[in-house]
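Notes to accompany the following structure.
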Amino acid sequence: MPETANREQSRRRRILTGDRPTGRLHLGHWVGSIQNRVRLQHEYETILIIADLHMLTTKRSRNDIREVLSNARGLVLDYLAAGIDYEKTTIYLQSAVAETFQLNTILQNLVTVNRLLRLPSLKQMAGAANIEEESFPLGLLGYPVLQAADILLAKAQLVPVGRDNLAHVEITREIARHFNNTYGEVFEEPEPLLSDIPALVGTDNRGKMSKSAGNAIYLSDDEKTVRAKVGSMFTDPKRIHPDIPGKVEGNPVFIYHQIFNDNRGEIEELEARYRAGKVGDREVKDRLADALERFLSPVRERADFFSNRPGLIDEIIWNGTLKVRQIAAETMREVHHKMGFDRVWKDLVPKGGGQG
Ligand code: ATP
Ligand code: MG
């Protein structure tokens with residue numbers, strides 16, 4: 001590698017972000033995170049974590065774990081289809097990096113239970129998973145600590161987050177600081193890379209698009225499915241007839257037009273006619289389905305390409321995991337050294353007559 005390229009490489013800051021392998025990606029994920037990652041991968045060294053240990057807070061049966069690999073494959077297929085470049089972005093499986101468990105155990109002692117209990121995200125996560133307060137698993141309380149372990153293990157400098165997750169990066173910073181003050185400098189405090197994109201509403205207009213609400217359009221949906229979903233989308237409920245003036249603001253069909261329709265002129269025209277009561281819902285939806293097809297067809301093409309090479313996806317995850325294992329081992333050597341564990345273990349080895 002030429003010297004300049006080398007320096008370029010070493011100056012690139014590292015990002016860590018990812019998903020729990022609990023299902024396929026939908027348009028909400030694309031709006032909220034994937035789009036951003038596709039853009040950032042050119043500027044930063046990106047590591048995507050498939051967070052199967054984080055999945056255990058809500059899904060932990062043997063069957064859930066059996067499904068980790070197929071879900072991970074689906075997730076990675078969606079990443080690649082959405083434009084993640086596997087030559088630029090490292091993708092790895094969290095549970096296959098044993099150092100994650102090690103660092104997590106150490107970091108758990110550098111944050112208080114009280115601090116974690118104060119996080120509003122804790123109640124949200126519990127609520128979303130239907131967990132009553134008295135049956136909180138310790139792992140749910142420790143969710144942000146495990147996140148800190150992932151981020152610090154990989155020595156990531158940047159963490160892309162939405163506003164509601166800023167507090168988790170703050171916890172990571174506090175833990176890093178606490179570690180450095182207690183044992184010596186190992187960790188750089190990671191910075192949040194804030195994206196203030198509001199959550200995408202679901203097709204039913206009842207809160208954000210999500211898998212469990214059944215109001216999602218998936219990146220992997222075929223054309224027929226997309227058209228059917230768009231056809232049954234919620235619009236302005238007052239408009240029982242095409243000649244009644246309609247409301248564009250807060251209307252999910254127009255929200256989707258604004259995000260996914262690349263034909264700005266068409267949007268303006270449809271909006272004007274909608275407000276004037278001069279267009280039926282049917283036409284507005286048909287144009288949206290067309291726009292989504294333009295958006296999704298290259299996604300589908302890439303998905304087809306990678307679906308025809310199933311071994312490649314496993315290879316991408318495996319190679320990424322090996323790479324992160326190396327980074328993690330290096331980090332843990334430093335951690336154990338600063339903490340003094342390496343000395344303890346060395347002193348334990350029998351002198352002279354001992355084996356090995
Ligand atoms: P579930 O229904 O199981 O909660 P989900 O579809 O809501 O699944 P999550 O796994 O909870 O998906 O979402 C992971 C991340 O994806 C969220 O933290 C958020 O950053 C982003 N995300 C999910 N849904 C949306 C959405 N509708 N709009 C924007 N971002 C979203
Ligand atoms: Mg959710």
Side-chain angles (χ1 to χ4, degrees), residues 15-40 46 48-61 63-64 67-68 70-72 74-79 81-82 84 91 93-94 119-131 140 143-144 146-147 150-151 158-169 171-172 192-221 226 229-230 233-234 250 252-253 255-260 292 295:
I15 282 182
L16 187 119
T17 180
D19 297 285
R20 303 186 315 151
T22 54
R24 303 299 294 260
L25 297 180
H26 50 63
L27 296 180
H29 294 120
W30 187 83
V31 167
S33 58
I34 306 300
Q35 178 188 24
N36 204 26
R37 292 179 197 168
V38 170
R39 197 167 42 78
L40 293 169
T46 303
L48 295 184
I49 178 173
I50 303 171
D52 56 343
L53 296 177
H54 278 109
M55 184 189 83
L56 297 178
T57 52
T58 54
K59 293 183 167 214
R60 64 182 83 88
S61 73
N63 203 41
D64 292 328
E67 283 171 5
V68 162
S70 61
N71 281 341
L75 190 60
V76 174
L77 180 59
D78 288 340
Y79 288 159
I84 292 291
I91 303 171
L93 186 66
Q94 183 187 30
L119 284 169
S121 54
L122 191 73
K123 290 216 166 61
Q124 281 160 21
M125 285 190 294
N130 286 320
I131 303 172
L140 186 64
Y143 198 100
L146 184 55
Q147 262 180 349
D150 301 325
I151 296 164
L158 294 163
V159 185
V161 280
R163 201 161 282 281
D164 52 339
N165 262 309
L166 264 182
H168 288 190
V169 183
I171 293 256
T172 304
L193 207 60
L194 189 66
S195 65
D196 250 338
I197 306 155
L200 183 69
V201 67
T203 52
D204 58 359
N205 201 37
R206 294 189 187 176
K208 65 176 195 140
M209 182 178 283
S210 81
K211 290 189 287 279
S212 44
N215 60 4
I217 295 174
Y218 291 88
L219 295 181
S220 48
D221 279 343
V226 173
K229 286 180 179 177
V230 171
M233 268 182 85
F234 180 96
V253 176
I255 292 172
Y256 288 20
H257 263 295
Q258 284 293 347
I259 298 171
F260 297 103
L292 284 174
F295 170 76

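For ligands, and for the atoms within them, numbers begin at 1 and follow the listed sequence.
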Next on the checklist: Show the atoms of ligand 1 that are less than 4.0 angstrom away from any heavy atom in Gly32.
Outcome noted: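 Ligand 1 atoms under the 4.0 Å threshold to Gly32: 29 (C), 30 (N).
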Item to check | atom 23 (C) of ligand 1 touched by protein heavy atom at under 4.0 Å | outcome: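 Within 4.0 Å: yes, protein heavy atom nearby.
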Item to check | Protein contact for atom 18 (O) of ligand 1 (heavy atom, distance under 4.0 Å) | outcome: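 When distances to the protein are checked, atom 18 (O) of ligand 1 has no heavy atom within 4.0 Å.
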Check: [X] N/O within less than 3.5 Å of ligand 1 N/O:
X      : answer
Met209 : yes
Asn165 : no
Lys211 : yes

Identity and separation of the nearest protein heavy atom to [atom]:
atom                    : value
atom 4 (O) of ligand 1  : Ser212 OG, 4.1 Å
atom 11 (O) of ligand 1 : Lys208 NZ, 4.7 Å
atom 28 (N) of ligand 1 : Leu200 N, 2.8 Å
atom 16 (O) of ligand 1 : His29 CD2, 3.1 Å
atom 7 (O) of ligand 1  : Ser210 CB, 3.2 Å

Can you tell me if [X] uses its side chain to pair, donor with acceptor, with the backbone of [Y] under 3.5 Å?
X      : Y      : answer
Asp78  : Leu75  : no
Tyr256 : Val201 : yes
Asn165 : Gly162 : no
His54  : Tyr143 : yes

Item to check | Shortest reach to atom 31 (C) of ligand 1 by a heavy atom, considering only Ser195, Ala199, Gly28 | outcome: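 Considering heavy atoms of Ser195, Ala199, Gly28, the nearest to atom 31 (C) of ligand 1 sits in Gly28.
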Item to check | Ring geometry between Trp30 and Phe295 (parallel below 30°, tilted from 30 to 60°, perpendicular above 60°) | outcome: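 Perpendicular, since the angle between the ring planes exceeds 60°.
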Checklist entry - Is any side-chain heavy atom of Met125 closer than 4.5 Å to a side-chain heavy atom of Thr57? => result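 Met125 vs Thr57: side chains apart.
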Checklist entry - Hey, are Asn36 and Ser33 close enough side-chain-wise for a donor-acceptor pair under 3.5 Å? => result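 No.
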Item to check | Side-chain H-bond candidate by donor/acceptor type, Lys211 with Thr22, under 3.5 Å | outcome: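 Their side chains do contain a donor-acceptor pair, which is all the 3.5 Å distance test asks for.
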Checklist entry - Pick one: which of Leu27, Ile217, Val253 meets side chain to side chain contact (heavy atoms under 4.5 Å, CB included) with Thr203? => result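 Looking at Leu27, Ile217, Val253, the match for Thr203 under the side chain to side chain contact (heavy atoms under 4.5 Å, CB included) is Ile217.
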Checklist entry - Applying a 4.0 Å heavy-atom criterion (strictly less than), which segment of Arg20 is in contact with ligand 1: side chain, backbone, both, or neither? => result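 Neither part.
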